[in-house]
Amino acid sequence: MSAVVPEADTRRVLVRPCPEPKHGDYQANALMMLARQHRLNPRELAEKVVAALDVSSWCEQVTVAGPGFINFRLSGSALNARLQHVLGSGGSFVEATAEPRTVVIDFSSPNVAKPMHVGHIRSTILGDALARVFRRLGHRVITDNHIGDWGTQFGMLIVGWRTLLNEEALQRDPIAELERLYQAVNHAAKEDGSVRDQARAQLVKLQGGDLENLSIWRRMQALSQSQFDSVYARLGIRFDHTLGESFYNDQLAGVLGELSRAGISEESDGAQVVFFRDHSTLHDKPALIRKSDGAANYCTTDLATLRHRVKQWQADEILYVTDGRQQLHFQQVFAIFGKWHPACAAKLEHVWFGSILGPDGKPFKTREGEVVKLTALLDEAESRALAAVTEKNGELPPTQRIEIARAVGLGALKYADLSNNRQSDYVFDWDKMLSLQGNTAPYLQYACTRVRGIFRRGEMPDTQGATLALAAPQELALAKRLLNFGLVLEMVAAEYRPNYLCSYLYDLAGDFTAFYEACPVLKAPPVERQSRLALCKLTSLVLREGLDLLGIEVPDQM
Ligand code: ARG
């Protein structure tokens with residue numbers, strides 16, 4: 001492209017796996033856009049680019065298709081050489097980025113004194129997978145759990161704690177007791193204005209630094225955190241930071257002052273508001289940043305949080321993983337921040353997701369109509385998986401069955417979430433997610449154990465010095481798929497969509513099955529045997545690494 005149109009901006013010319021393998025292995029489609037920019041005929045431009053292009057050492061064929069796509073067919077020798085290189089260098093198809101960025105990922109972020117519910121599961125699982133992928137690509141990742149640990153609910157909770165607390169129930173199940181207190185006071189406040197006043201008074205005392213209320217608040221926070229921690233431990237998730245809303249509390253007055261002095265916010269009916277009069281979508285949606293009673297809110301806190309992340313961590317990119325109902329909130333926060341820090345170049349992204357639905361197509365609830373709690377969901381995933389393992393492999397010792405069930409149950413749950421386009425709602429279906437067939441975690445985990453079963457005693461063969469001799473079409477298809485692993489991770493990171501990695505792994509497992517059905521491995525003559533064993537090993541490494549990037553463990557046996 002540079003040779004044909006020297007002034008063209010070629011950064012957007014990406015070569016990506018071709019969606020239709022019969023047209024080629026890779027495809028570039030950006031020339032059409034560039035042709036439009038430079039007022040050229042796209043088809044002619046593509047032909048000129050192909051004429052100026054020398055990729056003969058890589059491709060056996062480069063063709064122009066349609067209005068100006070360029071399709072590339074990889075040559076067998078280049079494919080062989082690339083795989084050989086990976087094999088010799090210890091096996092990775094992922095190259096670290098040449099331009100590492102600092103990426104802050106805000107995910108999970110549950111609320112104190114409330115149980116984590118399924119809405120938090122998507123955030124937790126998606127955020128963790130994204131963090132793993134960005135890290136693997138060589139970016140500097142900072143994960144931050146923005147816990148909801150400050151706010152008006154604490155007025156009610158403190159009234160409940162002071163008047164209705166059952167210490168014994170608190171010992172038994174702290175979150176359930178806190179929830180009970182909240183509901184009882186909330187209910188009473190609806191009927192009785194004096195309860196409402198009490199709650200408000202306790203909140204004011206807490207915010208004013210009252211020692212007794214602060215110590216009650218701290219206990220609620222610690223009890224909730226230990227519940228969150230046990231969920232994270234089960235899911236294998238850790239955070240670099242847990243800076244909840246309360247961390248920013250003493251910065252809020254300063255933020256409000258700055259925004260008002262800069263003329264970004266204005267008084268409106270005693271409240272402080274930011275208008276976006278010239279904004280194409282937010283012009284009729286002003287953001288409230290201080291209520292008329294003087295209290296700052298979720299938006300104010302997020303502005304302080306954003307400033308902290310940009311200043312303290314030098315974030316280049318900040319991802320907020322929450323459900324789609326918070327879209328307006330983040331549009332407003334980003335727009336206000338843009339006015340407030342116009343020079344800041346950090347990329348701000350609301351990575352939103354849809355809802356999990358029950359079989360009836362309505363938001364997922366328990367049979368009693370209550371919100372499903374995350375811990376209960378994890379327990380059920382494990383127990384259903386245990387029943388399946390026991391049915392298939394009842395002769396395994398119980399400890400091993402439990403261990404397999406843990407990996408399979410939690411893996412299935414995570415994968416069901418990750419394999420869907422995050423922006424669409426999906427129907428929660430135990431049988432489907434635990435099935436050994438189809439695009440599921442158990443299918444992929446099983447594929448891993450099958451590849452492994454080919455190796456003697458399940459041990460990875462030493463293939464460092466093996467020579468690859470790929471020839472059968474199924475071998476070539478499998479090899480080409482392996483080669484795309486790194487590119488797929490880049491696509492996941494570019495669009496924050498782990499489902500691309502899921503589809504890739506599912507296709508890879510399919511390619512492997514086709515290869516294994518067509519090409520004998522252990523019974524093949526020595527040259528092919530060695531080459532195919534190496535191919536099996538590379539497949540096994542990529543499948544495992546891919547699942548690991550999704551936060552999914554692979555049991556030794558299933
Ligand atoms: N605690 C919030 C909730 O449960 C999510 C917080 C998301 N992060 C943020 N910076 N606002 O909905």
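Heavy-atom basis, side chains included; hydrogens, waters and symmetry copies ignored. Residue numbers start at 1 and run along the sequence shown. When a ligand or atom number is given, it counts from 1 through the structure's own listing order.
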Legend entry - Listed once per pair and sorted, the side-chain hydrogen bond (donor to acceptor under 3.5 Å, both in side chains) pairs that draw on residues 435-444, sequence neighbours left out: Tyr415-Asn439

Inset, instruction - Name the orientation class of the two ring planes belonging to Phe330 and His350 (parallel below 30°, tilted from 30 to 60°, perpendicular beyond 60°). - result: tilted

Inset, instruction - Using distance alone, with no hydrogens and no angle criterion, decide if Ser108 and Tyr232 have a side-chain donor and acceptor under 3.5 Å apart. - result: yes

Legend entry - Contact residues of ligand 1 (heavy atom under 4.0 Å), by chain and number: Asp106, Ser109, Asn111, His120, His146, Tyr298, Asp302, Tyr320, Thr322, Gln326, Phe330

Inset, instruction - May I have all residue pairs that pass side-chain hydrogen bond (donor to acceptor under 3.5 Å, both in side chains) and include part of residues 375-384, sequence neighbours excluded? - result: Arg234-Asp379, Arg234-Glu382, Glu380-Arg384, Glu380-Trp430

Inset, instruction - Please state whether the rings of Tyr496 and Phe134 are parallel, tilted or perpendicular, taking 30° and 60° as the class boundaries. - result: parallel

Inset, instruction - Only counting residues at least two apart or in another chain, list the ones meeting side-chain contact (heavy atoms from CB on, under 4.5 Å) with His283. - result: none

